[in-house]
Amino acid sequence: RFTERKYDIYQEEKCQVNVNNVVAIEQRERDLKIMREDHQLLALKVLFTEEQVACFQNNSQCTLSGEQLTRIGIVQVSHDGKPHFIHRTFAEYYVADCLVNRLTEGNNTSEQVHTFILKDIFLEDKYRVIRVFVDGLLSRSKISNLVLKQYGNRIHDLREDNDKILHRAAFEDNANIIGFLLDSVRAGDHTDTVKKLLLKKDEEGLTAWHTAVFYNSVLVLEKIWEWAEKKMTAGCLMKSESVHTEFVHKYKL
């Protein structure tokens, strides 16, 4: 909304355009789509290596020039002629927007992208702000079962090296990422992997559920319980409740 408002201000004040007429509205939609794609590409280039950007199979060049992008107000051109965001947070938002857009549109992506998202974006400390934006965008996004299955299969393949991915999301209260991960593994029909992720303990002996309790991640607690109540077997629920009772007794909660 911020970017859209900046565009409207530029059109009204600099170009003297009536943004409410039909032609202007249609042009606005086209311009905003191009701006969004260009901002996404620029964000990828700012935060990632050339090899990582290439994995996303984006166009190598922006449609708009650096000068045109600067007119919107969130991009500047440095002395060497390269465009950059006025604040890193804009880049982090547009990376998240790109990732979730790929998920919702079901674009064909390689296992490299799946792995990069699961092992880097969802786990590394430097991408924490991106995860915040991803979590928020997922709350109003619908992901196809095909995409969920693709990610579920990759989570299953990476289960030995990535078995604490739920702990990170629980620690940061990213409930929608939790939902995406669990839905993905279930879509891939990897029941054992679901159980492994939910019951995996960290160095302190805490499961993702316990981590959410420990850090008051209420939304994650609600998401895990809601998901388990609807989609897991009674036997697994009983085991989860047993582990939870043991945790409460151990830490005198």
Go through the steps for V75 and F90 under the test side chain to side chain contact (heavy atoms under 4.5 Å, CB included), then give the verdict. CA-CA 9 Å; V75 171; F90 286 110; over 6 Å; no
Between N153 and H190, do the side chains contain a donor N or O and an acceptor N or O under 3.5 Å apart? yes
Looking only at side-chain N and O atoms, does H156 offer a donor or acceptor that is under 3.5 Å from a partner on T193? yes
Does some side-chain heavy atom of [Y] sit less than 4.5 Å from a side-chain heavy atom of [X]?
X: L123; Y: K164; result: no
X: L181; Y: L197; result: no
X: F133; Y: T89; result: yes

So which heavy atom on [X] is nearest to which on [Y], and how close?
X: P83; Y: L42; answer: O-CD1, 3.5 Å
X: S217; Y: F171; answer: OG-O, 4.0 Å
X: R28; Y: D8; answer: NE-OD1, 2.8 Å
X: L44; Y: C98; answer: CD1-SG, 4.1 Å
X: C55; Y: V113; answer: O-CG2, 3.2 Å
X: N145; Y: A187; answer: OD1-CB, 3.7 Å

R128 vs D125, salt bridge (Lys or Arg N to Asp or Glu O under 4.0 Å): CA-CA, chis, key distance, verdict: CA-CA 5 Å; R128 182 168 184 170; D125 289 338; over 6 Å; no
Is there a continuous path of hydrophobic side-chain contacts, each under 4.5 Å between heavy atoms, that joins [X] to [Y]?
X: V218; Y: L198; value: no
X: V132; Y: I121; value: no
X: L138; Y: L219; value: no
X: F2; Y: V46; value: yes

Using side chain to side chain contact (heavy atoms under 4.5 Å, CB included), reason through W225 and W209 one step at a time and then give a plain yes or no. CA-CA 9 Å; W225 187 255; W209 170 273; 3.8 Å; yes
Decide yes or no on side chain to side chain contact (heavy atoms under 4.5 Å, CB included) for L166 and I224, but give the supporting numbers first. CA-CA 10 Å; L166 295 186; I224 293 178; 5.9 Å; no
Has K196 got more than 12 heavy atoms of other residues, nucleotides or ligands less than 6.0 Å from its NZ? yes
Taking everything shown except Q112 itself, do over 12 heavy atoms lie less than 6.0 Å from its CD? no
Could you tell me whether [X] and [Y] have a side-chain N and a carboxylate O separated by less than 4.0 Å?
X: D202; Y: R168; answer: no
X: R186; Y: D183; answer: no
X: E29; Y: K33; answer: no

Expected output: side-chain [X] to main-chain [Y] donor-acceptor under 3.5 Å:
X: D135; Y: A175; result: yes
X: R131; Y: E124; result: yes
X: H167; Y: L206; result: yes

One pair to check against side chain to side chain contact (heavy atoms under 4.5 Å, CB included): D97 and Y94. What are the steps and the verdict? CA-CA 5 Å; D97 187 43; Y94 275 107; 4.2 Å; yes
For the pair T3 and Y93, evaluate side-chain hydrogen bond (donor to acceptor under 3.5 Å, both in side chains) and give the outcome as yes or no after the intermediate values. CA-CA 12 Å; T3 307; Y93 168 78; over 6 Å; no
Quick one: salt bridge (charged side-chain N to carboxylate O under 4.0 Å, His left out) partners of D80, sequence neighbours excluded? none
Could you check whether the rings of Y127 and F48 sit parallel, tilted or perpendicular, using 30° and 60° as the cut-offs? perpendicular
Whether H114 and Y151 hold their rings parallel, tilted or perpendicular, with breakpoints at 30° and 60°: tilted
Begin from the C-alpha positions of H39 and R36 and carry the test side-chain hydrogen bond (donor to acceptor under 3.5 Å, both in side chains) through to its verdict. CA-CA 5 Å; H39 282 136; R36 180 187 184 190; over 6 Å; no
